[in-house]
Asker: 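First the structure, then my questions, so here it is.
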2 protein chains.
Amino acid sequence: MGRPPRINRGRVLAEALAMADEDGLDAVTMSALARRLGVTPMALYRHVANKADLLDGVVELLLTEFPPPPAGLPWPERLGILAANIRASAHRHASIFPLLLERPATTTDARRTRRAVYEALGEAGVPEARIAQVERLVSTAVLGFAVSEVGGRFRNHSRRQLDDDFDVLRALLGDFIVSQRADARN
Amino acid sequence: MGRPPRINRGRVLAEALAMADEDGLDAVTMSALARRLGVTPMALYRHVANKADLLDGVVELLLTEFPPPPAGLPWPERLGILAANIRASAHRHASIFPLLLERPATTTDARRTRRAVYEALGEAGVPEARIAQVERLVSTAVLGFAVSEVGGRFRNHSRRQLDDDFDVLRALLGDFIVSQRADARN
DNA sequence: ACCTGAACACCGTTCAAGT
DNA sequence: ACCTGAACACCGTTCAAGT
């Protein structure tokens, strides 16, 4: 009965994310993580159900780091900044970020980000009934670019080139959003 | 000296792809693959350098299955069919396809597909100097969508919905390409 | 309640040996 | 040249035991 916990789920997840950032996803083993926390591997199982649950938690933690887009700016700037923040988060967490493509964004933080996009699209004049689809396509394009970048597909391209690609991507998504306005002619 | 090979690299890769398709990426272990080929695990090392090399080969094999876009059609149809073929390939090889985001498309087959896109963009009127970037963005959008789909991010969406999303995606990419024509006004 | 020690089945990979 | 047998360090996970 009652002895002071030496570790907790929060620390376990934070340390796992740090390990992944420093040495890659493969370096995150139960034993290496335990060693880093000064504990035996089996101690982790009181705080995570298994390794899949550990990675779920780490992805969730990553999502809490998406800063909310700054309020009070016009929608194109808000979405542009949000996209840039998401890309920056990909660069900070290159080995974990690709896991975002493997699970629906159902956590509280993921919902908050999506709601921010919904609001921007509403302001842009996209009709209610089309907002969810437009959000999916826009988010998928941004995530797909960011994952390609940190995953290694653009390994042979310069940072300069990729920055420019990303600017063009944001512009094209802006044009797409405008084309989906209720009063768009066609 | 000379004894008849019981397996070869081609069979190893084909069987590994089949295993991944049937039971997922994690089911592709050196021993399970060897068992399937009727050989000991160590025999594989004469045909692949190690497991990473095995997966590289499997991705390469997947790329050979992208059918070349049918010649003789106008560029929008050609690109639309190519995109649909790539998406279909993702569905056939759901566990291997996401690995495409981890490596530059430098194999012969990947180059062939890219060249086909270049030609279509040329026909569309995109100036030489902009073709490579437009191709990167268009391919990234299609890959990002397909990987999200087979990776599980759209797990909560119906096939109907995703088919519709994909149609809208193709249309938006078509509009983007047209907006990049030399004679586009702006 | 929280952590440990011992154990299990499995993983990728090496090396020397067989034909 | 091609495959095998034995071995190694490591992996995730379980169970019973300690405090």
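Per chain, numbering begins at 1; letters A, B, ... match sequence-line order.
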Asker: Taking the side chain of P5(A) as heavy atoms from C-beta outward, which of dT13(D), dT4(C), dC2(C) is closest to it?
Answerer: dC2(C)
Asker: Could you tell me the separation between the CG atom of D26(B) and the C1' atom of dG12(C), rounded to a whole number of Å?
Answerer: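 After rounding, the reported distance stands at 14 Å.
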Asker: What is the separation between atom CE on M30(B) and atom C1' on dT14(C), rounded to the nearest whole Å?
Answerer: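 It works out to 13 Å between those atoms.
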Asker: Please work out the stems of DNA chain D from pairs that are Watson-Crick or G-U wobble with both distances under 3.5 Å, keeping only runs of three or more consecutive pairs.
Answerer: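 Listed by first number, the stems are C:4-8 with D:12-16, C:12-16 with D:4-8.
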Asker: Report the distance from atom CG of D165(B) to atom CZ of R136(A), rounding to the nearest 0.5 Å.
Answerer: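 It is 4.0 Å, given to the nearest 0.5 Å.
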Asker: Which sits closer to the 5' end of DNA chain D, P41(A) or A43(B), going by the nucleotide each is nearest to?
Answerer: A43(B)
Asker: For the pair D56(B) and K51(B), find out whether any cationic side-chain nitrogen is under 4.0 Å from an anionic carboxylate oxygen.
Answerer: no
Asker: Starting from P on dC11(C), measure out to CG on N50(B) and report it in whole angstrom.
Answerer: 17 Å
Asker: Is it the case that one hydrophobic cluster holds both I177(B) and I81(B), taking links as side-chain heavy atoms less than 4.5 Å apart, direct or via other members?
Answerer: no
Asker: Would you mind building the protein contact string for nucleotides 5-10 of chain D? One character per nucleotide, 5' to 3', B for base within reach (heavy atoms under 4.0 Å), S for sugar-phosphate only, - for untouched.
Answerer: BB----
Asker: Rounded to whole angstroms, how far apart are CG on L37(A) and P on dC3(C)?
Answerer: 10 Å
Asker: For residues 72-106 of chain B, pull every pair meeting ring pair (Phe, Tyr, Trp, His ring centres under 6.0 Å), keeping only residues two or more places apart or in separate chains.
Answerer: none
Asker: Please report whether the ring centroid of F145(B) lies less than 6.0 Å from that of F154(B).
Answerer: yes
Asker: Does R78(A) reach the side chain of V117(A), with side-chain heavy atoms less than 4.5 Å apart?
Answerer: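 Side-chain contact under 4.5 Å: no.
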Asker: Rounding to a whole Å, what distance do you find between R35(B):CZ and dG12(C):P?
Answerer: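 So the CZ-P distance, R35(B) to dG12(C), works out to 11 Å.
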Asker: Do you know the tightest heavy-atom contact between V28(A) and A16(A)?
Answerer: CG2-O, 3.8 Å
Asker: State, yes or no, whether a side-chain contact exists between L25(A) and L55(A) at a heavy-atom distance under 4.5 Å.
Answerer: yes
Asker: Rounded to the Å, how far apart are R6(A) CZ and dT4(C) C1'?
Answerer: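 After rounding, the gap between these two atoms is 10 Å.
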Asker: Within less than 4.0 Å of OP1 or OP2 of dC2(D), is there a side-chain N or O belonging to H47(B)?
Answerer: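 So the side chain of H47(B) is outside the cut-off, no N or O lying under 4.0 Å from OP1 or OP2 of dC2(D).
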Asker: Report the distance from atom CG of L44(A) to atom C1' of dC2(C), rounded to the nearest whole Å.
Answerer: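 One finds 12 Å between C1' of dC2(C) and CG of L44(A), rounded.
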Asker: Of L54(A), L37(A), N50(A), which meets side-chain contact (heavy atoms from CB on, under 4.5 Å) against L44(A)?
Answerer: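 Among L54(A), L37(A), N50(A), the one meeting side-chain contact (heavy atoms from CB on, under 4.5 Å) with L44(A) is L37(A).
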Asker: I need the OH-P distance between Y45(B) and dA17(C), as an integer number of Å.
Answerer: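 Roughly 21 Å, once rounded to whole Å.
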